[in-house]
Peer 1: 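Take this structure, written in structure tokens, and hold onto it; I'll ask about it next.
Everything numeric here is computed off the predicted structure, so don't read it as measured data.
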Amino acid sequence: MAETKYIFVTGGVSSSLGKGIIAASLAKLLQARGFRTTIQKLDPYINVDPGTLNPYEHGECYVTEDGAETDLDLGHYERFLNVNTSQANNVTTGRIYQSVIEKERRGEFLGKTVQVVPHITNEIKDRIQILGQNGDYDIVITEIGGTVGDIESLPYIEAVRQLKWELGDENALIIHLTLVPYLAAAGELKTKPTQHSVKTLMESGLKADILVCRTEHELSDDIRRKLAIFCNVRQEAVIQSIDAATIYDVPNLMLKEGLDTVTLKKLHLPDETTPNLDRWNQFLDRHKNPKAEITIGLIGKYVELQDSYKSILEAFIHAGAENEVKVNVESIHSEFINENTIDHKFANLDGVLVAPGFGERGVEGKIDAVKYARQHNLPFLGICLGMQMAVIEFARNVLKLKTANSTEMDPKTKHPVIDLMEEQKEVTHKGGTMRLGAWDCKLTEDSKIQKAYGKTEIKERHRHRYEYNNKYKKELEKAGMLSTGINPETGLVEVIELKEHPWFVGVQYHPEYKSTVATPHPVFIAFIKAAYDFSKKRKNASLAQK
């Protein structure tokens, strides 16, 4: 293809309708037809990136291969497409203004008055087109955060209006995701919110080419016709997006609705192939028809908001399907774990995952969870802070270093088995200054982690400031906590595991970021298999007692 096509996904009526899933599903269908497709997210908040946001504010911070701290929707993009995203795939208002102000300070605007139009909108247009100009993609889908009418979104909407005019109707289209609510009292679906949302979009100079309508009930032909007439779109371009059992059903639902067909027609692209979703549907079949069930305890301090651990929860789904087991996740708040409650909370678990996090709140509960898993031979996976808690627990209770801690929690600890990375000690700015992105790691032959990967050299994504203190390495290894993954450049311990435990692994990196439908992460596959084996042994022991 000679010219990149652009698709813009806007939202109206309400937030959380699933723009990211619709964008990812359309991208999957286009990719399955052979088009090279990518997705980017424009976020209207003024933070430069979500790296300094509390997970309660915006869900998890997703880290890309190149070290960008981004919106969690980029995780959906990668999980659906099995293609890496980058810094160019996530743009925030903070980053836009930062760039424009830096240009102004350098004198690049030649003394002109810097304004939203044209300077901010030009910067947005440049960021939108970066992915399309490198020749790697036929189609770029851009999801615009927020809902139309929001003050924060106005510069993005204006930039899209200009860009659509510049590119021409055959090279760009607008998909507007909206809500068609069901009023139980009236016993009918209501189209008025959608009409008002489209009207608001048109007031900004944009016309929706395709309407995707979130609904709890089937849209009748009459409702589709009404929406088409009042919203100025073709009836074939009124797409139903009904509630699904799983987000992984949505590509098939959009295929049934013909979203990809309408899109190709409007972009003047060939519609000669059928999407090849064989591999996707094989995953779905295994996911929906498990042969067994297990329960994993997810130990964290942000468990009230499931989006805080979105990538971990999705990685469980991928690895569960690979093992043909359903993974039931029991979220357990680490602040409420103690010696009096732990036996009750952990009695029915087949495995424990201690989640990442920052700060001292809830860490003692995480340490108690590690101790329980170690002493009861319960399959254990510690990620980032979870791995560090495993080191602290082992140092306290096996090496008998009772004051062992991380200097993040206790700067004056006598035994800093986890310490601030050397290059972090002079850092004063918090945003974008951690160890971020993909780093090399060499695994020990015949270790649990090496057997999981099936190779000795890996590259995984990081997001941390504190690290395993190598001053305690010899002592820890002698007592049975092996260092089985090492960064060859820095000597940083990346993986620990227990010699005498059936499956006890802690990783400094974040394996959940690289788990996709097409390539479930090997660490999660191995962990779920170990939990399933533990479950079978426990059931067999219970039957033997009867």
Side-chain angles (χ1 to χ4, degrees), residues 16 18 20-21 24 49-64 69-80 246-248 287 294-321 326-337 345-346 349-363 365-367 369-370 373 379-390 434 436 460-464 505-517 520-521 523-525 527-528 531:
S16 302
I21 299 302
D49 59 45
T52 56
L53 286 173
N54 187 307
Y56 287 131
E57 287 282 324
H58 206 68
E60 77 170 6
C61 174
Y62 185 81
V63 177
T64 60
E69 294 177 289
T70 70
D71 184 79
L72 61 82
D73 273 337
L74 269 70
H76 289 311
Y77 305 163
E78 290 199 10
R79 286 187 283 271
F80 275 54
T246 167
I247 59 172
Y248 299 109
H287 173 52
I294 60 170
T295 302
I296 300 294
L298 175 60
I299 317 302
K301 59 180 182 178
Y302 310 113
V303 295
E304 298 94 334
L305 182 67
Q306 291 294 292
D307 276 357
S308 300
Y309 304 111
K310 175 56 74 176
S311 291
I312 289 174
L313 295 175
E314 299 306 315
F316 279 144
I317 290 173
H318 307 152
K326 179 182 179 182
V327 181
N328 298 307
V329 179
E330 190 167 321
S331 297
I332 301 174
H333 202 300
S334 58
E335 277 195 288
F336 306 129
I337 296 174
K345 289 179 181 291
F346 284 41
L349 300 182
D350 301 308
V352 168
L353 187 149
V354 175
F358 294 91
E360 62 182 323
R361 183 173 65 88
V363 297
K366 290 186 175 184
I367 291 170
V370 174
F380 169 84
L381 175 59
I383 296 177
C384 198
L385 183 67
M387 173 263 206
Q388 296 174 1
M389 295 300 100
M434 289 183 278
L436 292 164
E460 291 285 0
R461 301 179 195 178
H462 293 65
R463 185 174 184 253
H464 65 103
V505 174
V507 295
Q508 182 59 72
Y509 50 82
H510 289 260
E512 70 273 21
Y513 291 149
K514 295 181 79 164
S515 185
T516 72
V517 169
H521 199 283
V523 169
F524 277 87
I525 293 172
F527 174 53
I528 296 304

Peer 1: So how far is it from Thr64 OG1 to Leu436 CG, rounded to the nearest 0.5 Å?
Peer 2: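 Reported to 0.5 Å precision, the distance equals 8.5 Å.
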
Peer 1: From Glu69 CD over to Arg463 CZ, what is the distance, rounded to the nearest 0.5 angstrom?
Peer 2: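 Taking CD in Glu69 and CZ in Arg463, the distance rounds to 4.5 Å.
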
Peer 1: Can you tell me how the ring of His510 sits relative to the ring of Tyr513, calling it parallel under 30°, perpendicular over 60° and tilted otherwise?
Peer 2: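 Rings of His510 and Tyr513: parallel, under 30°.
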
Peer 1: Does the pair Val329 and Leu353 meet the rule for a side chain to side chain contact (heavy atoms under 4.5 Å, CB included), with working shown?
Peer 2: CA-CA 10 Å; Val329 179; Leu353 187 149; over 6 Å; no

Peer 1: Considering all heavy atoms of both residues, which atom of Ile528 and which atom of Ala319 are nearest to each other, and what is their separation?
Peer 2: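 So the minimum-distance heavy-atom pair works out to CG1-CB, 3.8 Å.
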
Peer 1: Within the distance-only criterion (no hydrogens, no angle test), does the side chain of Glu60 pair as donor or acceptor with the backbone N or O of Ser311 below 3.5 angstrom?
Peer 2: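 At least one qualifying donor-acceptor pair exists.
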
Peer 1: In terms of relative ring orientation, are His462 and His464 parallel, tilted or perpendicular, with 30° and 60° separating the classes?
Peer 2: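 Rings of His462 and His464: tilted, as their planes differ by 30° to 60°.
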
Peer 1: Distance from Arg79 atom CZ to Ile317 atom CD1, nearest 0.5 Å?
Peer 2: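 So the gap between those two atoms works out to 9.0 Å.
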
Peer 1: So, using salt bridge (charged side-chain N to carboxylate O under 4.0 Å, His left out) as the criterion, who are the partners of Lys326 when residues are at least two apart?
Peer 2: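 Lys326 satisfies salt bridge (charged side-chain N to carboxylate O under 4.0 Å, His left out) with no other residue.
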
Peer 1: Take Lys310 and His76, measure what side chain to side chain contact (heavy atoms under 4.5 Å, CB included) needs, and give me the verdict at the end.
Peer 2: CA-CA 9 Å; Lys310 175 56 74 176; His76 289 311; 4.1 Å; yes

Peer 1: Sub-3.5 Å donor-acceptor pair from the side chain of Thr70 to the main-chain atoms of Tyr62, do we have one?
Peer 2: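 Side chain of Thr70 to backbone of Tyr62: a pair is present.
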
Peer 1: By side chain to side chain donor-acceptor pair (under 3.5 Å), which residues pair with Lys366, not counting sequence neighbours?
Peer 2: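 Not a single residue meets the side chain to side chain donor-acceptor pair (under 3.5 Å) criterion with Lys366.
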
Peer 1: Please find the pair of heavy atoms, one from Ala531 and one from Ile294, that lie closest to each other, and give the distance.
Peer 2: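 Closest approach of Ala531 to Ile294: CB-CD1, 3.8 Å.
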
Peer 1: If you take all heavy atoms of Glu330 and Lys345, which pair is closest and at what distance?
Peer 2: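 The answer is OE2-O, 3.9 Å.
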
Peer 1: Just verifying a value: how many Å separate Ser331 OG and Ile296 CD1, rounded to the nearest 0.5 Å?
Peer 2: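 Taking OG in Ser331 and CD1 in Ile296, the distance rounds to 12.0 Å.
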
Peer 1: Per the side-chain contact (heavy atoms from CB on, under 4.5 Å) rule, which among Ser515, Pro511, Pro356 passes with Ile312?
Peer 2: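 Single pass found, and it is Pro356.
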
Peer 1: Classify the ring geometry of His318 against Tyr248: parallel below 30°, tilted from 30° to 60°, perpendicular beyond 60°.
Peer 2: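 Geometry flag for Tyr248 against His318: perpendicular rings.
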
Peer 1: For Glu335, check side chain to side chain donor-acceptor pair (under 3.5 Å) against everything at least two apart and list the hits.
Peer 2: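 Glu335 satisfies side chain to side chain donor-acceptor pair (under 3.5 Å) with Arg361 once adjacent residues are dropped.
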
Peer 1: Identify the heavy atoms of Tyr77 and Gly20 that sit nearest to each other, and give their distance.
Peer 2: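 Looking at all heavy atoms of both residues, the shortest contact is CE2-O, 4.0 Å.
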
Peer 1: Do Ile299 and Phe346 have side chains that approach each other closer than 4.5 Å (heavy atoms only, starting at C-beta)?
Peer 2: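 With C-beta onward as the side chain, the pair touches.
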
Peer 1: Does some side-chain heavy atom of Ile367 sit less than 4.5 Å from a side-chain heavy atom of Met389?
Peer 2: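 A side-chain contact exists here, since the closest heavy-atom pair is under 4.5 Å.
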
Peer 1: For the pair Tyr309 (side chain) and Tyr302 (backbone), establish whether a donor and an acceptor sit closer than 3.5 Å, ignoring hydrogens and angles.
Peer 2: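 Judged by distance alone, yes, a pair lies under 3.5 Å.
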
Peer 1: Considering only heavy atoms from C-beta outward, does the side chain of Ile247 approach that of Glu314 to under 4.5 Å?
Peer 2: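 The answer is yes, as the side chains (C-beta and beyond) meet within the 4.5 Å cut-off.
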
Peer 1: Do Ile383 and Val507 come close enough that some side-chain heavy atom pair is under 4.5 Å?
Peer 2: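 Yes - at least one pair of side-chain heavy atoms lies under 4.5 Å apart.
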
Peer 1: What pair of heavy atoms forms the shortest contact from Ala369 to Ile337, and how long is it?
Peer 2: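 Heavy atoms of Ala369 and Ile337 come nearest at CB-CD1, 4.4 Å.
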
Peer 1: What closest approach, in Å, do Ala355 and Leu298 show between heavy atoms, and which atom pair accounts for it?
Peer 2: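 Closest heavy-atom pair between Ala355 and Leu298: CB-CD1, 4.0 Å.
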
